[in-house]
Each structure stands twice: as C-alpha cells, then as structure tokens.
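Read through the structure below, which is laid out as structure tokens, and then see the notes.
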Amino acid sequence: MFGLMPAFSRMALFALAVLVMVAQISASAGAAAAAAAAAEPLNKRQLQITLNGATPTADSGFGISLDNDDSNDSPTKTSSESKPSSSGSSNGQPGRIVMKTPPRSVESPLFEIASKVKLQWDYDDNMKKPPSKITIRGQMPEGYTQPGTTKPLYWYIAQNVSASGKAYTWDTITQSPPGYTLREGTGYKLFIIDSDIGWDNSTHVYPGRLFQFMLPFSMYNSRYAQTNDGVPKNYNPNAASRPKIARASVLVAAAIVFLL
C-alpha cells in the first residue's frame, strides 16, 4: 500500500505519527507529575512520628520540635519535666557545700563541749541556686536511739535560718539534744540542708541546688581551748616553765662526786 502512495503522502503520514507519539509522551509526563504532587506531604507540622505506639504532635511531642526552621535543630523543652524545677545547672549535678571552718582538710574535727562552734562554708561551682534558708541537724553517736525505736537520735541545731552569710555559730549548751547531754567521744554527725527542699528530699539530686551535707565530728572536754590539731591555742613551747633545782640538791650532788 505504501509503495503505491506518492512520496509526499508518505512523509505527511510519518509526521502525523510523530506528533501523536509526542502528545502521548507529554500526557504521561503530566499524569506522573500530578501523582507525585498528590503523594507529597502537606508540610512538616502535619508529619506524624509513631514511637512505641504513641503519636506525638508538635504541641505534645517527646521534647522534639518538628517545626525547626528557626530553631537551629535544637530540641524544645516540654511541660513534662520533673518537679521541682532545676536551677539551670549545665551538667545536671547538684550543688555542694565546701567547708571553710573547720577546714575541710580535717576529716573529723574536734568540738569542745560547752563551747560555741563556728561554722563557715562556701559552695562549689555546681551551685546555681543557693539556699535562702538552711536547717542544721545533729546526730548522736551509735547507741543513742529515738525513744521506743531503733532509729538514730537526731536533734535540730538550727531551723530555717538565713543562709546569706554562709556561716553559723552553734552553741553546744543551748542547742544540744533535748533530754540528753553531749559527751566525750566520736561518732557524732552534723547535717546542713536546704530548708526549701526539706530533710526527706535532701539526698535527692536537684541540678544546681544544695545536696545534703554531712560532717562527722567528735566531742571532748578540756580545761583549755583546743584546736582541731589537738594543740592548745596560743601555746608557745619556748615559754614553757622549767623546773627549779634547789641549791641544797646541787651541793649534795657535788659532795658525792668529790667522795668518789
């Protein structure tokens, strides 16, 4: 059939076939583009992530912000964080007391009975929210228990006192355990806590806030003021008195040597 058609007609038919093929290709490409557009997610905020069967949203996620175009890819905090809130410590560590008086180099200082004990302290670098008020408790040595129980015997040395000066003077006469007398010996303990945190929570870790401080100490009786090194204050060994030798003793000793 094509052999009987003039050459011009054959060329026209070929061109028409090419146009039909181009139209079909264009239609297929348009359909594919439309399908891809329909399958594309609407936006980031509508994206849902399923973790362990739960589906967080932008408002109630697991501390993750999906809308991070302006957040430099940093996670956002949620209202589900633990209470009480921390004070902004960068490493999650609690603050701690560093004793100045008595010096921390003395592991178990000596406190004189019936004296006034001066306590001074500072805080380490983890302390971001120092306590406004502190409570100081004492614990009697092992063997002293609360009446009718086997619990250790505690007493309050000071309650809810200002901590602004980071110092306190303990009067061992008026601030001793009610009904008991401080006696010589070891095994005593002194605690300093943040009054706002309380005794029961004082050993819990709250970043940037005071962790319970404990100082073991001993009590002693003496006729003179003694330092934590066991040396009397203002003691000068060069000024110590020397025994006087009687003149008669010297003469007797000289006579004995002469007779020998």
If you define the side chain from C-beta out and look only at heavy atoms, does anything of [X] sit under 4.5 Å from [Y]?
X	Y	result
Met140	Leu182	yes
Gln212	Phe191	yes
Arg137	Trp199	yes
Ser115	Val117	yes
Ile136	Trp170	no
Tyr220	Glu112	yes
Pro109	Phe217	yes
Arg209	Pro94	no

Of all heavy-atom pairs between [X] and [Y], which one has the smallest distance, and what is that distance?
X	Y	result
Phe111	Leu215	CZ-CD2, 4.3 Å
Thr135	Ser195	OG1-OG, 2.8 Å
Arg96	Phe211	NH1-CD2, 3.3 Å
Thr172	Ser176	O-CB, 3.6 Å
Ser218	Thr186	OG-CG2, 3.2 Å
Met219	Arg183	CB-O, 3.4 Å

query: Is a side-chain donor or acceptor of Glu184 paired with a backbone partner of Asn221 at a separation under 3.5 angstrom?
result: yes
message: Keeping Gln146 on the side-chain end and Pro152 on the backbone end, is there a donor-acceptor pair under 3.5 Å?
response: yes
message: Assigning hydrophobic clusters by single linkage (Ile, Leu, Val, Met, Phe, Trp, Tyr; side-chain heavy-atom cutoff under 4.5 Å), is Val98 placed with Met127?
response: no
task: Apply the test side chain to side chain contact (heavy atoms under 4.5 Å, CB included) to residues Phe213 and Met99: give CA-CA distance (whole Å), side-chain angles for both, the deciding distance (0.1 Å), then the verdict.
output: CA-CA 10 Å; Phe213 171 78; Met99 290 302 296; 3.2 Å; yes
Could you state the interatomic distance from [atom1] ([X]) to [atom2] ([Y]), rounded to the nearest 0.5 Å?
X	Y	atom1	atom2	answer
Thr203	Asn201	OG1	CG	8.0 Å
Gln139	Lys151	CD	NZ	13.0 Å
Lys118	Lys100	NZ	NZ	13.5 Å
Gln120	Thr169	CD	OG1	8.0 Å

- request: Tell me yes or no: between the side chains of Thr150 and Thr145, is some donor less than 3.5 Å from an acceptor?
  value: no
field: Co-members of Tyr156 in a cluster of I, L, V, M, F, W and Y side chains, linked at under 4.5 Å
entry: none
message: Among Ile134, Ile193, Leu119, Leu210, which residue satisfies the side chain to side chain contact (heavy atoms under 4.5 Å, CB included) criterion with Ile97?
response: Leu210
field: Asp124 atom CG: more than 12 heavy-atom contacts under 6.0 Å
entry: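 More than 12 heavy atoms, drawn from other residues, nucleotides or ligands, come within 6.0 Å of this atom.
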task: Could you tell me if the ring centre of Tyr168 sits under 6.0 Å from that of Trp121?
output: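 Ring centroids of Tyr168 and Trp121 are no less than 6.0 Å from each other.
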query: Looking at the rings of Trp155 and Tyr144, which for Trp means the six-membered one, are their centres under 6.0 Å apart?
result: no
query: side chain to side chain contact (heavy atoms under 4.5 Å, CB included) between Lys129 and Tyr206: does it pass, once the steps are laid out?
result: CA-CA 10 Å; Lys129 186 180 179 182; Tyr206 298 113; over 6 Å; no
message: Salt bridge or not between Asp196 and Lys133? Use side-chain N to carboxylate O under 4.0 Å.
response: no
